[in-house]
Amino acid sequence: MSLLVLDDVKVHYGGVRAVDGVSFSVEPGQLCGMVGPNGSGKTTTINAITRTAKLTSGRITFDGTDIANVPPFKLRRIGLVRTFQGIRLIPDLTVRDNIRLAAEQHGHKRRKSRAGAVTPDAFSEALIERFGLSDVKNERPGALPYGTQRRVEIVRALSTSPKLLLLDEPVAGMNHAERADIANVLKELHAEGLSMLIIEHDLRMLLNLSDHLVVLNFGKLLAEGEPHATASLPDVQRAYLGGSIERD
Amino acid sequence: MIDWLAANAPLLRNISVLALLGYSVQLALRAGVFSFATVGFYAIGGYVTANLLKAGWNWVAVMALVIVVGFVFALVISPVLNRLRHLFLAMATLAFTLFIQSLALSWATFTGGAQGMFGVRRVLPQGAMIAIVVVVVLIVWLTQRGVLGRATSALRHDELLAASLGVNVSRQQTMAFAASSGVGALAGFVQVSTTGVFGPDDISFSTVVTSLTVLVVGGAIIWAGPLVGAILVGTLPLYLVKAGNLSLIIQAVVVLAIVVYQPEGLVGIVKYLFSIIRKPFRKKPRETTAGAPAS
Amino acid sequence: MLQYLVNGLSLGAIYALFSLGLSISWAGLNILNLAHGTVFMVGALTAWLLSEQLPGVPFLLVLVIAMVICGLIGLAMELVVFRQIRRRTSDGNQQTLTTVIATVATSSLLIAIAEQFTGGQPQGLSQDLFVVSGYTVFGIRITNIQIAIIVIAAVLSFAVAWFIKRGRQGQALRALSVDRDMAKLVGVSADRLSALTMFGAGAMAGLAGVLLAVQINAVEAHMGEALLFKAFAIIIIAGVGSIGATVAAAVALALVETFVAAYWVSDLRDVVVFALIILFLLVRPQGISSKGWQRA
Ligand SMILES: Nc1ncnc2c1ncn2[C@@H]1O[C@H](COP(=O)(O)OP(=O)(O)OP(=O)(O)O)[C@@H](O)[C@H]1O
Ligand SMILES: [Mg+2]
């Protein structure tokens, strides 16, 4: 059974058809890439999945439940968590507290753990350690380099123990080294079996990482399928890159 | 100590009420609820107290009831407010306050109309008054740390993000609003049960201004802010008397300057100074703050 | 009956002049100006001061001076307060909240200054500033000041509506309201436009202040506060930023109030207004939806 299923999803803002009848699905363990020109409705699609944008019509099911029946704040309980296109860290809280904030909202509620269970604090600490944030964990995020902030956001999302991670342009605005860094992190998570849906303009990176590629254009699904094959379709080339996709 | 407390009773009473008003506003604002309903609840608390004390109730019972009334009233109107954000919420809650003011004038059988209520028994012992303030400060301080504190920070800065991480935004904000209302009503109780009078002047627009002043002078978000603000706003007029008529203008200019140029208030300034002093003693500056490679 | 209609209409005209500025600065600049009522009061105060200091000063001149002074106060608020806050905070929530609180502080400053002049007492306006004379048409008494109020409000409402819809600056303001940063990118001078808006809003509040002061023949430092409550109701009913709806709601509210006071109990006016506020907050699906050009 597919983990996430979008069925003829439409999101219209007045006359703007931001998403206009999109259907696709994400399988368990899959890393699904999503590309498309600016304004093609990628972010709006993720907004629809996380109930940030109101569906005009259509249906989205996650893990067998229609998300229309789940209040937005309960989505993470069922394993759905996202990052945003812009950085959204809480400036008052240290890196560690930003991550704890997410970890402790649900799941590991009890501070005194039952035997064997991990407390939110311990869980956050472990993630901080693992993703190399120990040096900055007591800093406020505002002063950190851009790439580090992005990394904190991803770790924060991971601290909710998601089943599906939705990432909106996780490497936008990063330099080359930072990109490679994040790509490694994603590869690792993928290898561990985490399902992900990743919006990214860096097609080359997506071609390297993903098992499945979804292409949007003008709010519609232009193509989907095996990444390299999909990316080299003439329609996709024309819409997305004006015709030139370099393959690695 | 006891002598000093007795000699300064009016000042302490003033500071206590100001602090409670400030905390009432802070409880809402720090959770991202732009509520200006504090003075409305202050009025409700005040008039309820005045009527019940006149009817011969015991003050402890009155206090308990006033807090409950504030809470319940807040929960009743919160479904309306829950649909509102930011400026709309600010406007609707201020409309509530303005309405209560107008009602206080016209509902004379309950409020005494333009004259207000007077001759109420001044039953609250000074020790109890101070205890009330201490308890409120303690609650604010405790809820500013830990799980609740982090969620509150998130709500203040970014409701959408908070929800996406699993924070129940509307429930937490409703609770913050109810707490704010309860403390606002409590301020009314303290005012009436220590001064014996309550009227339209106590709940005018200038009280709205004062409650916000207490907050911004001390520090809007920091737990100690309203206490510091109340002490300043309570004592400063005593020293400004020399400036005579101009004192109100000077006060207003100072407050405006703080709002614009020092939004973290006095506690913010102190904290900043401390951080400057402490910096050289902190652990050695790091060279690599950039993200270390993964794994 | 018709008499109340005329009275209600002139009250509604004052409400409209007052609410328009509040609504536009909110829609365009995301500012809820709680000092708007105080600026209104400064208009009335200016008229009173001028008529005391310069007996026989022409009314038109008084109107213009009051408008300029109140416009300048609005401008000063933008330059000294709002712009500084915008520079200092990038966090949207924080900025909005700080700005609201700053308008409250500004309001207390203006009231403190005003009370220097009025001595904290209500003051009567000199009769010869504007000689009020009444006419009786078909049994309805209407005064020249009521006519002036209604005409001025009507003309200004149309002017403002035209400005927002068609004027170059108005269109730019709409762009600004949707996305301040984006508007700057396409060449809108956000700073100049904000200054212009605050000046205009202030001037209109001042104008309303003079007109109301002449009509009720009194000036008082806190006279703007009751009006703020009415303006809130109007904005909640009309939505933020829509000119036509604001004017219509202003007139409707004034009529309701006039009739409640006339046929029911005068003291219940505000109860009815508040009930309307709650009602509209409940029936609007998204709380308050805003039509057209402004953020929700
Ligand atoms: N809240 C909204 N109200 C009105 N229009 C919107 C809203 N959100 C998005 N849109 C419009 O919907 C369209 C799709 O936007 P979306 O943000 O989903 O694009 P995107 O594919 O994420 O683009 P980008 O690559 O630039 O991030 C755009 O035309 C945008 O202007
Ligand atoms: Mg996007």
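A quick note: this is a predicted structure, and the numbers were derived from the prediction, not measured. Every chain is numbered from 1 and lettered A, B, ... according to where its sequence line falls, protein lines coming before strand lines.
- Between chain B and the options A:K74, A:E178, A:R156, A:R82, heavy-atom pairs under 4.5 Å are most frequent for A:R156.
- Environment of CZ in A:F24: crowded, with over 12 heavy atoms of neighbouring residues, nucleotides or ligands closer than 6.0 Å.
- Among A:A102, A:P72, A:G147, A:S134, the residue with the largest count of heavy-atom pairs under 4.5 Å with chain B is A:A102.
- If you take OG1 on A:T94 and CZ on B:R150, they are separated by 8.0 Å, rounding to the nearest 0.5 Å.
- Listed here is the closest heavy atom pair of A:R76 and B:G166: CD-CA, 3.4 Å.
- Per-residue counts of heavy-atom pairs under 4.5 Å with chain A were compared for B:S164, B:A162, B:G149; the largest is that of B:S164.
- For the atom pair OG1 (B:T152) and CG (A:L93), the distance works out to 10.0 Å, reported to the nearest 0.5 Å.
- No more than 12 heavy-atom neighbours from other residues, nucleotides or ligands sit within 6.0 angstrom of NZ on B:K271.
- The CG atom of A:L89 lies 11.5 Å from the NE2 atom of B:H157; values are rounded to the nearest 0.5 Å.
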Query raised in the report: Checking side chain to side chain contact (heavy atoms under 4.5 Å, CB included) for the pair A:F84/B:L161: CA distance, chi angles, key distance, verdict?
Result: CA-CA 8 Å; A:F84 293 85; B:L161 171 77; 3.9 Å; yes

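- How far CD1 of A:I90 is from OG of B:S153: 7.5 Å, rounded to the nearest 0.5 Å.
- Remark: A:T50 OG1 to B:L160 CG distance equals 7.0 Å, nearest 0.5 Å.
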